[in-house]
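Chain identifiers are assigned alphabetically (A, B, ...) following the order of the sequence lines, protein sequences preceding nucleic acid strands; residue numbering begins at 1 within each chain.
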Amino acid sequence: MRPIPFAGTWGTSSSICYQLANEQISESGDPELEGLSKKQAKKKMKELVGPRAQSIAEQIAERLASDDDFASAEASNGYINIEFDTQRFANRVVGTIGDQASEYGRGEKKADKVMVEYSQPNTHKAFHIGHLRNATLGNTLCRIMDLAGYEVQKANYIGDIGMHVIKCLWCYERFHQGEEPELSARGRWLGDIYTESDQRVNFRQDVLTLLNELANNDPAFVAMVDRMVKELYQVHDVGEDVAYLLGQIANKREIKDESFYDQGTIPKFWPIVGKQLHVNLEMSRGERERHDDIEDEIPQPSQYEEWIERWDLLGSRMDWWPHVNAWREEIKAEFQRWERKDPDFVSLWETTKQWSMVDFHRIYDEIDVTFDTWFYESEVEEPGREIVKDLMEREIAEISEGLPVVKIDEKLGLEKETYRTMPVLRSDGTTLYSTKDLALTKHKFEEYGVDRSIWVVDVRQGLYFQQIFKIMELMGFEQAEKCFHLGYEMVTLPSGAMSSRSGNVILYDDIAREVLERAREIIDEKNPELPDAQKDDIAHDVGIGSLKYSMLSRDNNRVIVFDVEESLSFDGHAAPYIQYAHARACRILEKVDVMPSGELTFADLTAEEIDLIQQIAIFPTEIQRAAEEYKPLYIATYVFELAKKFNDFYRACPVLQAEEPTRAARVALVNATRQVLANGLAAIGIEAPEVM
RNA sequence: GCCCCCGUAGUUCAGGGGAUAGAACGGCGGCCUUCUAAGCCGCAUGUCGCAGGUUCGAGUCCUGCCGGGGGCACCA
C-alpha cells in the first residue's frame, strides 16, 4: 500500500490486482494460452493481465465503496485507489500531532540496546570536513534510532595515540619546543605541526614523486634530460649519480631514494629542473618554438604551473634533504619513549592531548553533537596485548613473517580468498589499530552488554571491519553477527582527495567561520532590526545547519565533492529552505490569539492541503524506515519535501484571511506542520529558528 | 588477480518491483499594495553506461561487459 501517486489525492493505492490477475490466469489455464509456445504464452499473458487486473479492481472497488471508512474507492488502470474521509483523517493526524508535540514520530520502545561508535578523531591532527561528515552522519543516525524507539549508546573513540601522535610530538620537541600557541587554537596549531612532521619525513619521497611524474608525463622534460644532466655534471661535478638520473629519466624508470650515493645530487639538480620547467611552460604557452625531437603532445600550461608550484615549495625546503633518514630514526626512538612510558614524554603527551580535546569539545558544542561514552586508544593498548596473547594460546593467531597474524580464511576453511590475513601486533611488539579495536570490541560486548554494535567509519575500512568481526566470531562472541560497519564515502575537493600534507584540505574551523559570516550578512540584510545576540543565534542555526545538511543530503555510499561556493549558498535544496518554511509557519502562528481546539472542519480541501496533511502523516513511518536501514538521508529528504509542500500550501491557501471554519482548520494545520518541521529538523540535528 | 562502491537532465543529486522517472543548481521569462521574495510560477534539455536474463511489470532484482573511484600483511 502506497500513497496514490497524483498530487491532490489523499489515500492509498494498491497494485494487488495485478498479482491476483496473474495468479488467476496462470492457474486457471486460460483457453487463450493453450497450445502456445512459452514465448508466445508470455506475450499473451502480458496482454491479458492488464484488463483482468482492471476488472478485479472494479469488483473490489465496488465493494469497498460502500464501506463507511473510505470516502471513495475506484479502479484505475488496474490499481485500486482508496480515498480517505478527509474530515476524519485530517482531524486524526492534526490532533495526534497536537497531543504528542515534540514526541510526534517516536516509535514503540525496542528491546535492542545499540551502540553507535562515530567521530573517532585523532588528537594532534586537525578536524576537517571529512570528520564533519562522519560526526554528522553518526550523530543523526543516533537521533533517528533514538526517536524510532531504540536504546542508543553514542560512543566516541579518540585516537589519542599511534604513529601520528609520535610524529607530531617529535616535530614539536625537535623544532617548536617552547613556542606558545594561541590559547584558543592550540589543537589546530598541533595539527599544523603534525602536517609539518609528515612533510619532513616524506620530503624525499615527495621530491622523487615529482621527478618521476615529470619523467612520465612531460616529453619536453625527458627530451632535455641530456642537457640538464650535463649541466649538473659540469657545474657541480657530482659523479656517478648523474648516470643514474640520466638512465632512469630517459627510460622512464622509477627513480628510487636508496640509489643515490651523494646527498648533494638532488639539491644541486633542483634549480636545473626548475629552469627547464619554466622553459617548457613558455613553450606550452606558444611563446617559444617547439623542439623538433618532441613528438608527443606537450602538457597544458596549467599543468606546468602546477608542477612549478610544487617544485618551488619543495625547493624552499631542500635543506631537509640530507636529514630525512635521520629523522625517521628519531621518530622510531620517540616511539620507544612512549613504549617505556618515559615520564617526560607522557607528560608532554597528556598536555598536548588536552589541547586537541579542548578544540574537539568546542567543535562538538558548535555542531551540537554529543556522546554518552568516550573511549581512548591509549586505554586499550594493554587489553589489546592480552587479547593477542589469548589468540596465540588458542592458536587462532600464529607467527608469520615475524609477527602475530590471524589467517582468517584458513581458520574459517574458506577456499576463496575473502578475509585474508590480519596482522594483530607489530613485529617489535607495539600495538596496531587492530590490536586496540579487538580489545575495544570485546569491552563493548562484555562491559556494556550491547546487543547491536554499529561503527560509523569511512568505507575504505570495509575489509578491515569484516576481519575484526570474523576474529571476534572465531573467539566465540555471538554478538559478532550483530556488528555492522556503516561505511560512508570520502569528502573530496574539486582539486582531488584531501591531504593535509599537500595542503589540499578544508578545515572545519575555516569553512565554519566563512559560512557563519555569510549567514550573518544575510540576516543583517533581511532582518536588520533584530538584536545582535539573536542575529548571532540565527546565523549559527542557518550556517551550521546548512553545512550539516550538505553532508546528509547525499547517500553515504556516494563521494561528496565539496564545493565551497555551493556550501556557502543558502538557496534551493539546503537547510535554510526548510528552516525558512518553519519560520514562515511561526510568523503566521504568532498572529493567532487563540489556538483552535476540538473538532475542526476539513472540508473542500485544496490539493495543497491534502498533500501537506499526507506528508505530515507519514513522518513516524519514515523515521522507522530510516532507522531500520541506517539512512539519515531519508529524513533529510523527507523534511525538504515537507517544506516544499508547506510552501505550496502557503502560496495557495491564505490562513489568517480565510473565513471560519476554514481559518481554524488551516491554523491548526500550520501549527501541526510547524511541529513536524521542528521534529524532522531535530531528528537530523538541525535547529529550527523561529525568525529568519 | 580477488573484493566493494558509483554510472539517471548541461551540472549536483533523489527515486521502497508498480501508473506519465523527479528535485536543486545554472540558463531564459514572469510574480512583492495580500500571513517574510532565504519564497513562488512558467519554459528548455533524459538511448536511466551497454548487452542479456528473471517478472504480468525493471532506473530498481540477477549475470556479463565498459567507464570512474576505492580496498587487499606490520597506516588508521
- Among side-chain atoms of A/Thr606 and A/Glu609, is any donor-acceptor pair under 3.5 angstrom? yes

- Query: In dot-bracket, 5' to 3', how would RNA chain B read with Watson-Crick or G-U wobble pairs under 3.5 Å, [ ] for crossing ones and | for pairs to another strand?
  - Reply: (((((((..((((....[...)))).(((((.......))))).....(((((..]....))))))))))))....

- Query: Do A/Arg625 and B/G16 have a side chain to base donor-acceptor pair shorter than 3.5 Å?
  - Reply: yes

- Does B/C40 have OP1 or OP2 sitting under 4.0 Å from an N or O in the side chain of A/Tyr577? yes

- Taking 4.0 angstrom as the limit, do A/Glu377 and A/Lys436 come out as a salt bridge? yes

- Please figure out whether A/Pro654 or A/Asn556 has its closest RNA chain B nucleotide nearer the 5' end. A/Asn556

- Got a salt bridge between A/Asp458 and A/Arg460, using NZ or NE/NH1/NH2 to carboxylate O under 4.0 Å? yes

- Item | Nearest-nucleotide pick for A/Arg651, side chain only, options being B/C41, B/G16, B/C56 | B/C41

- Task: Measure from the ring center of A/Tyr577 to the ring center of A/Phe570 and say whether it is less than 6.0 Å.
- Result: no

- Would you mind classifying the nucleic acid contact of A/Ser400 as base, sugar-phosphate or nothing, using non-hydrogen atoms under 4.0 angstrom? base

- Message: I'd like to know if A/Arg460 reaches the base of B/C4 with its side chain, counting only an N/O donor and acceptor under 3.5 Å.
- Response: no

- Query: Counting any heavy atom closer than 4.0 Å, what does A/Val542 reach on the DNA or RNA strands: base, sugar-phosphate only, or nothing?
  - Reply: base

- Message: Need one value for A/Gln19: base, sugar-phosphate or nothing, where a base atom within 4.0 Å counts as base even if backbone is also close, heavy atoms only.
- Response: base

- Over how many whole Å does the gap from A/Tyr638 atom OH to B/C13 atom C1' extend? 21 Å

- Query: Base, sugar-phosphate alone, or nothing: which one does A/Phe562 contact when heavy atoms must sit under 4.0 Å apart?
  - Reply: nothing

- Message: Should the side chain of A/Arg558 and the base of B/C6 be counted as holding a donor-acceptor pair, with the cut-off at 3.5 Å?
- Response: no

- Looking for any heavy atom pair under 4.0 Å, which part of the strands does A/Asp648 touch: base, sugar-phosphate only, or nothing? sugar-phosphate

- Query: In whole angstrom, what separates A/Asp555's CG from B/U60's P?
  - Reply: 17 Å

- Toward the 5' end of RNA chain B, which comes first, A/Thr418 or A/Asn557, by nearest nucleotide? A/Thr418

- Query: Rounded to whole angstroms, how far apart are CZ on A/Arg587 and P on B/C35?
  - Reply: 10 Å

- Note on the structure: Whether each nucleotide of nucleotides 19-34 of chain B has a protein heavy atom under 4.0 Å at its base (B), only at its sugar-phosphate (S) or at neither (-) is summarised, 5' to 3', as BB--SSS--------S

- Item | Per A/Ser15 side chain, nearest of listed nucleotides B/C2, B/G18, B/C13 | B/G18

- Ring center gap for A/Phe469 and A/Trp455 short of 6.0 angstrom: yes

- Query: Can you list every ring-ring contact (aromatic ring centres under 6.0 Å, His included) pair that touches residues 410-434 of chain A, not counting sequence neighbours?
  - Reply: A/Tyr433-A/Tyr464

- Got A/Glu622 and A/Ile635 here, is their nearest side-chain heavy-atom distance under 4.5 Å? yes

- Message: Please pick, from B/G39, B/C56, B/C35, the nucleotide with the shortest atom-to-atom distance to any side-chain atom of A/Arg584.
- Response: B/G39

- Message: Measuring only the C1' atom in each nucleotide, how far is B/C13 from B/G7? A whole number of Å is fine.
- Response: 13 Å

- Item | Anti/syn call for B/C32, syn if |chi| within 90° | syn

